[in-house]
Amino acid sequence: MPPDQPGTLRRRMTRLSSYFLPTEREPPADAEAISHKLMVRAGLIRQVGSGLWTWLPAGWRVHQRIVEIVREEMNAIGAHEMLMPVLQPAEPWRRTGRYAIEELFKLKDRRSADMVLAMTHEEIITGHVAASVRSYRDLPLILYHFQVKERDEPRPRAGVLRTREFVMKDSYSFDRDREGLDRSYAKHVQAYDRMFDRCGLRWYRVEADVGMMGGFGAHEYMAPCAAGENEVALAPGYAANLEVASADPQPVSLPSRLDAPEEVHTPGMTTIDTVASAVGLPAGALLKAYPVILDGDDMRLVCVRGDHKVSEIKLGLALGGGFRPARPEEVEARLGPPGFIGPVGAEMPILLDQAVDGGAGYVTGANRPDLHLRGVEPGRDFPYERVDVRTVVAGDTVGGAAITIEAAIEVGNIFKLGTRFSEPLGATYLDESGREQLIWMGSYGFGPARAAAAAVEQYNDEHGIAWPRAIAPFDVEVVALGREGSDERELGDRLYRELKDLGLAVLYDDRDAGPGEKFADAELLGCPARVTVGRRALAAGEIEVQIRRGRATRTVPIEGATEAVAELWQELP
RNA sequence: CGGGGCGUGGCGAAGCCUGGUAUCGCACCCGCUUUGGGAGCGGGAGGUCGCCGGUUCGAAUCCGGCCGCCCCGACCA
C-alpha cells in the first residue's frame with residue numbers, strides 16, 4: 001500500500017454525500033472497550049473475523065497519518081525504508097529457534113515446503129545483512145519497513161487493540177559493537193519520543209522485560225488508557241512496566257524480637273489472612289513461602305512479605321531461567337503440608353525478597369500441620385540469598401515519592417537484541433584487523449493501529465471521538481444546514497473549496513439530512529474543528545466554529561472566515 | 001488452554017423455559033411535509049432464525065454434534 005504523499009490526501013474531494021462513512025447509532029453488542037465501540041460506530045473499522053479488521057476510508061486516513069509521522073521521524077534518524085514479504089520460508093525460523101513459537105502461523109506451499117507468515121522480520125532482514133554486509137565500513141545501518149504482521153494470538157480483543165493481523169513499523173539496527181548499538185538505540189528513543197508527541201498521545205517510556213529473547217535492555221512506550229492490557233508503575237522520574245518495576249516497600253510494624261522462634265497453633269489456617277488475624281499482626285509481618293521447581297528439577301523456596309505478591313517475571317529474571325510452581329505433592333514431600341510451609345529447616349536454597357527486613361521477627365509456616373512459627377529471623381533462623389522478586393504496589397516509594405499504577409496499552413517497543421539473531425544467521429563483518437565479528441542488533445516496533453485506538457481511548461466523550469489534530473481523519477468538517485440550493489449550502493460549498501485551497505483536509509457534510517443527524521455524526525467522527533453554516537448565523541454575517549475537544553463554539557465573520565478557521569486550527573491540540 | 005456468555009433482516013433487541021404461519025426500534029426504498037441537535041405522516045422492500053443431524057403431524061423454540069464470535073484468566077519472542 002503506497003503511502004499518501006503529503007498533499008494528495010488533501011486535494012481529494014471529500015463530500016459526505018458520496019463518501020463511504022457508515023456510522024452506527026449503536027455500538028456492536030459484543031464491544032466492551034471504548035475505542036472498539038467508537039471506531040466501529042464512527043465508520044472507521046469493521047470486523048472480518050476474530051482479531052481481523054478492515055480499515056474503512058476514514059479510519060485508513062487516520063492510520064496513514066500516523067504512518068507518515070513515523071516515516072518522517074525514522075527518516076530523520078537516517079533510517080532507510082524498504083519492504084520485506086510476509087510469506088516466508090520456514091528455514092531461517094528453524095535456525096533461530098523461533099519456528100516453535102505457537103503464535104507463528106505455519107503453512108505449506110503446493111510443493112509442501114514449510115512456510116510461515118512473519119510475526120516480525122528479524123530472520124529476513126538479518127539474512128539480507130548477513131549476505132551483503134562484509135566490512136565494518138558498511139556499518140552502522142538502520143533499516144525499516146511498514147508491513148503486515150501475522151500472529152495467531154490466543155485471544156484477540158478490544159477491536160484493533162489486540163489483533164491477529166496488523167501493520168507494524170519495524171526497524172532494525174546493525175552495529176559493530178555494543179557501544180554502536182547503544183547509539184542506534186538512543187536515536188530510536190529520540191525518534192519514538194517525537195512520534196508519540198506528534199501523534200498527540202499521552203505516553204510513558206517504561207523499562208520493560210527483555211522476555212524470552214534475552215537481550216540487553218528494552219523499553220516499552222505505553223499509552224495510559226482504561227482498556228490497556230498492561231500496568232505501569234509511575235513516580236516522578238520513574239516509569240516501569242509493573243512486571244519489572246522495583247520500589248521501596250511501605251513499612252510494616254513488626255512485633256518485638258524473640259530469642260528463638262516459638263510455635264503457634266494455627267489449626268486449619270492455610271491463608272495469610274487467617275493466620276495474620278489469629279496472631280493479631282498485619283499480613284506484612286508474615287512471610288509467604290513460594291516453592292518453585294527449576295528447569296533442572298532443583299527446588300527453591302522463595303519468600304516474600306505476606307502482603308506482597310511474587311512477580312513471576314522478576315523471579316524468572318532472578319533465577320536466570322525457566323521455572324514452575326511446585327505441585328502440592330512435591331511440596332508435601334520436600335517441605336511440609338501446603339499452607340504450613342516456611343523457610344526454617346527447609347533443605348533447599350532460600351531466596352528472600354529484599355522487602356523483608358533482615359533483623360526482625362516474622363511469622364512463617366512451621367512445615368508441620370496446623371503449626372506456624374513466630375519470631376523467625378532471616379539469617380539467624382535460616383540462610384538466604386537476597387533477591388528482588390515481588391510485584392510493587394501503589395504507595396511504595398521511589399526516591400521517596402509514592403508510585404501510582406496505571407493501566408496502559410503498549411504502542412511501541414524498542415529492544416537491544418545483541419547477537420541473538422546475528423549468531424544463528426551468520427551476520428558478521430570483518431573489523432580493521434581482518435577479524436570476523438558478530439553484528440550487534442536492535443529491533444524497534446511501532447503499531448499505528450494501536451496508536452490510533454489509544455488516541456480514541458484517551459480522547460473521547462459521550463458524543464464520540466475527539467482526535468488529536470495531527471492524526472484526525474480530516475482537519476475540519478464543514479456542516480452546511482439547509483437543503484440543496486439554499487444559501488447555507490452555497491456558502492458551505494465555498495468554504496469547503498477555500499479551506500481545501502488553504503491546505504486543510506476537509507470533510508464536507510452536504511447530505512440532505514437534518515441538523516441533529518449531521519451534528520451527531522460530526523461529533524462521533526471527531527474532527528478537531530467543525531464549521532457550521534446555518535441560516536441563523538448566516539443572517540448575522542457569521543459562521544460558527546466548534547472545537548471538538550471541549551465542544552466550545554465561537555462565531556467568526558463570514559468575511560475572512562477561511563483564514564480565521566485555518567489560524568484557529570493551528571492552535572488546536 | 002481453563003471458566004463464562006452469545007449467535008433471530010444492515011445495527012440493536014424480543015420470542016426459546018411451556019413446539020403451532022417471525023416481532024419491535026433504528027437504518028433502507030417511494031411520496032408529501034420538515035431543516036440549529038439523531039424529524040412527522042402514509043406506503044414499501046428485506047430474514048435458509050450460524051451449520052448439520054435427530055425427535056415430532058409440526059422446530060427459532062426440544063436433543064446431539066459442529067462452526068463462529070465476545071468476555072475473564074493463562075499466554076503474549
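Letters A, B, ... are given to chains in the order of the sequence lines, protein chains preceding strands, and every chain is numbered from 1.
Distance from the side chain of A:Arg98 is smallest for B:A77 among the nucleotides B:C75, B:A77, B:U35.
With 3.5 Å as the limit, one finds a donor-acceptor pair spanning the side chains of A:Glu122 and A:Ser443. A donor atom on one side chain and an acceptor atom on the other are found under 3.5 Å apart for A:Tyr444 and A:Ser173.
Within 4.0 Å (heavy atoms only), A:Glu523 reaches at least one base atom of the nucleic acid. Among the atoms of the strands shown, base atoms are found under 4.0 Å from some heavy atom of A:Arg530. Note on A:Ala218: nothing from the nucleic acid sits closer than 4.0 angstrom, heavy atoms only. Residue-level contact check: A:Ala520 touches the bases, meaning some heavy atom is under 4.0 Å from a base atom. Within the nucleic acid shown, A:Pro22 has no heavy atom closer than 4.0 Å to any nucleic acid atom.
Residues A:Leu52 and A:Asp521 each lie close to RNA chain B; by heavy-atom proximity, the contact nearer the 5' end of the strand is made by A:Asp521. Comparing A:Val533 and A:Arg157 by the nucleotide of RNA chain B that holds the closest heavy atom to each, the one mapping nearer the 5' end is A:Val533.
Residues passing the salt bridge (charged side-chain N to carboxylate O under 4.0 Å, His left out) test with A:Asp182, sequence neighbours excluded: A:Lys416. In this structure, the side chain to side chain contact (heavy atoms under 4.5 Å, CB included) partners of A:Ser422, at least two apart in sequence or on a different chain, are A:Thr419, A:Ala427, A:Leu438, A:Ile439, A:Met441. In this view, A:Glu123 and A:Arg98 satisfy the salt bridge (charged side-chain N to carboxylate O under 4.0 Å, His left out) rule, not counting sequence neighbours. Qualifying side-chain hydrogen bond (donor to acceptor under 3.5 Å, both in side chains) partners for A:Trp467, counting only residues two or more places apart in sequence or in other chains: none. Evaluation of the side-chain hydrogen bond (donor to acceptor under 3.5 Å, both in side chains) rule for A:Arg494 yields A:Glu498 as partners, not counting sequence neighbours. Remark: A:Lys149 engages A:His121, A:Asp170 in a side-chain hydrogen bond (donor to acceptor under 3.5 Å, both in side chains) (not counting sequence neighbours). Legend: residues meeting side-chain hydrogen bond (donor to acceptor under 3.5 Å, both in side chains) with A:Asp521, ordered by chain and number and at least two apart, are A:Thr23, A:Arg511. Residues forming a salt bridge (charged side-chain N to carboxylate O under 4.0 Å, His left out) with A:Arg489 (at least two apart in sequence, or on another chain): A:Asp512.
Between the side chain of A:Glu544 and the base of B:G36, at least one donor-acceptor pair of N or O atoms lies under 3.5 Å.
Side-chain nitrogen and oxygen atoms of A:Arg155 include at least one within less than 4.0 Å of the OP1 or OP2 phosphate oxygen of B:C72.
If you measure from atom CG of A:Leu525 to atom P of B:G37, you get 21 Å, rounded to the nearest angstrom.
Taken residue by residue, residues 31-48 of chain A places heavy atoms nearer than 4.0 Å to RNA chain B at A:Glu32, A:Arg41, A:Gln47.
In this structure, B:U34 forms no base pair with any nucleotide, since neither Watson-Crick nor G-U wobble geometry is met with both distances under 3.5 Å.
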Do any N or O atoms of the protein come closer than 3.5 Å to N or O atoms of nucleotides 28-32 of chain B, and which pairs are they?
none

Under 3.5 Å, which protein N or O atoms sit close to an N or O of nucleotides 5-8 of chain B? Give each pair with its distance.
none

Enumerate donor-acceptor pairs with a distance under 3.5 Å from any side-chain N or O in residues 49-59 of chain A to protein atoms, sequence neighbours excluded.
from, atom 1, to, atom 2, distance (Å)
A:Trp53, NE1, A:Gly159, O, 3.2

